[in-house]
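Okay, so here's the structure we're looking at.
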Amino acid sequence: MSNNPSFLRVESLGKRYLPAAPPVFENVSFDIAQGEFVCIIGHSGCGKSTILNVLAGLETASEGVAFMANREIAGPSLDRGVVFQGHALMPWLSVLDNVAFAVKSRHRDWTRQQVVAHAWRFIEMVGLSGSEHKKPSELSGGMKQRVGIARAFSIEPKMLLLDEPFGALDALTRGVIQDELLKICAATRQTVFMITHDVDEAILLADKILLMSNGPRARIAEAVVNPLPKHRSRAGMHHDPQFYPLRNHLMDFLVHRSRQLTPT
Ligand SMILES: Nc1ncnc2c1ncn2[C@@H]1O[C@H](COP(=O)(O)OP(=O)(O)OP(=O)(O)O)[C@@H](O)[C@H]1O
């Protein structure tokens, strides 16, 4: 991790969809360091996806600002790769061409050969070599999600934004892809902001876990630094003496404290 504590800086963000209604969230401020993996957890409707969309430049905030590398985020950019739950692949293109399309948009001057070689690297990285000529309709949900991840990584974004990317997957596939994501992030020192509802997933992946209170007027109630050693594994992390205290703290927030912080 670099010494720059605020590669991404969010300052007093607020969002109001309807003028007469209270804001969904307000006064949301947090920092993400370069190479840091941050998860955000909170109940449905508190505004997590809205925050992610503001960071992606797909949505504007009603109040506050977000900066990445000291530049205000004011629209979509290839510097930020987004993976949604619904993977959004182009159904008429093969796995290879779905990834190649993204590579080409990043490197417009590259030859087809360069584009394909680069796309290949990322298809291999997510364990999809052998399926590169398949269309999305021929892939399982987990495989489609891997294509989405390969595509987002292939543009080598400065920041990766993941909106519950594994939400629709069965536990086994989810575990396999979590392990892959961990490996890729360790190898590339990728900076990540990820929404999850899964406390164990957050403990496995995140360096820091942001806890959001319930909406309306939701806020970041706590930023919990993960005390477990950086090289964690799904199989081993629950043996760490710090695992259950951390898990209980997060669960306790979701069950009790997230509500108490909601203004009446
Ligand atoms: N375009 C929109 N117009 C009006 N209200 C919206 C719009 N988008 C989101 N909202 C409302 O804003 C609130 C926050 O939505 P958002 O999707 O950001 O929450 P979330 O925390 O990501 O929820 P979930 O965990 O269920 O995905 C919800 O009450 C939602 O109904």
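Along the sequence shown, residues are numbered consecutively beginning with 1. Counting starts at 1 for both ligands and their atoms, following the listed order.
- Between F30 and F193, the ring-plane angle classifies as parallel under the 30° and 60° cut-offs.
- In this structure, ligand 1 sits under 4.0 Å from heavy atoms belonging to Y17, V24, H43, S44, G45, C46, G47, K48, S49, T50, H197.
- Residues M90, W92, F101 make up the rest of the hydrophobic cluster containing L93, defined by ILVMFWY side-chain heavy atoms closer than 4.5 Å, directly or through other members.
- In this structure a side-chain-to-backbone donor-acceptor pair under 3.5 Å is present from R106 to I155.
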Could you walk me through whether R9 and E11 pass salt bridge (charged side-chain N to carboxylate O under 4.0 Å, His left out), step by step? CA-CA 6 Å; R9 203 165 84 241; E11 285 180 7; 2.7 Å; yes
CA sep, side-chain torsions, deciding dist, call: R174, E201, salt bridge (charged side-chain N to carboxylate O under 4.0 Å, His left out): CA-CA 9 Å; R174 192 181 178 117; E201 180 167 272; 3.3 Å; yes
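- A donor-acceptor pair is defined here as one N or O able to donate and one able to accept, closer than 3.5 Å; such a pair exists between the side chain of R232 and the backbone of I203.
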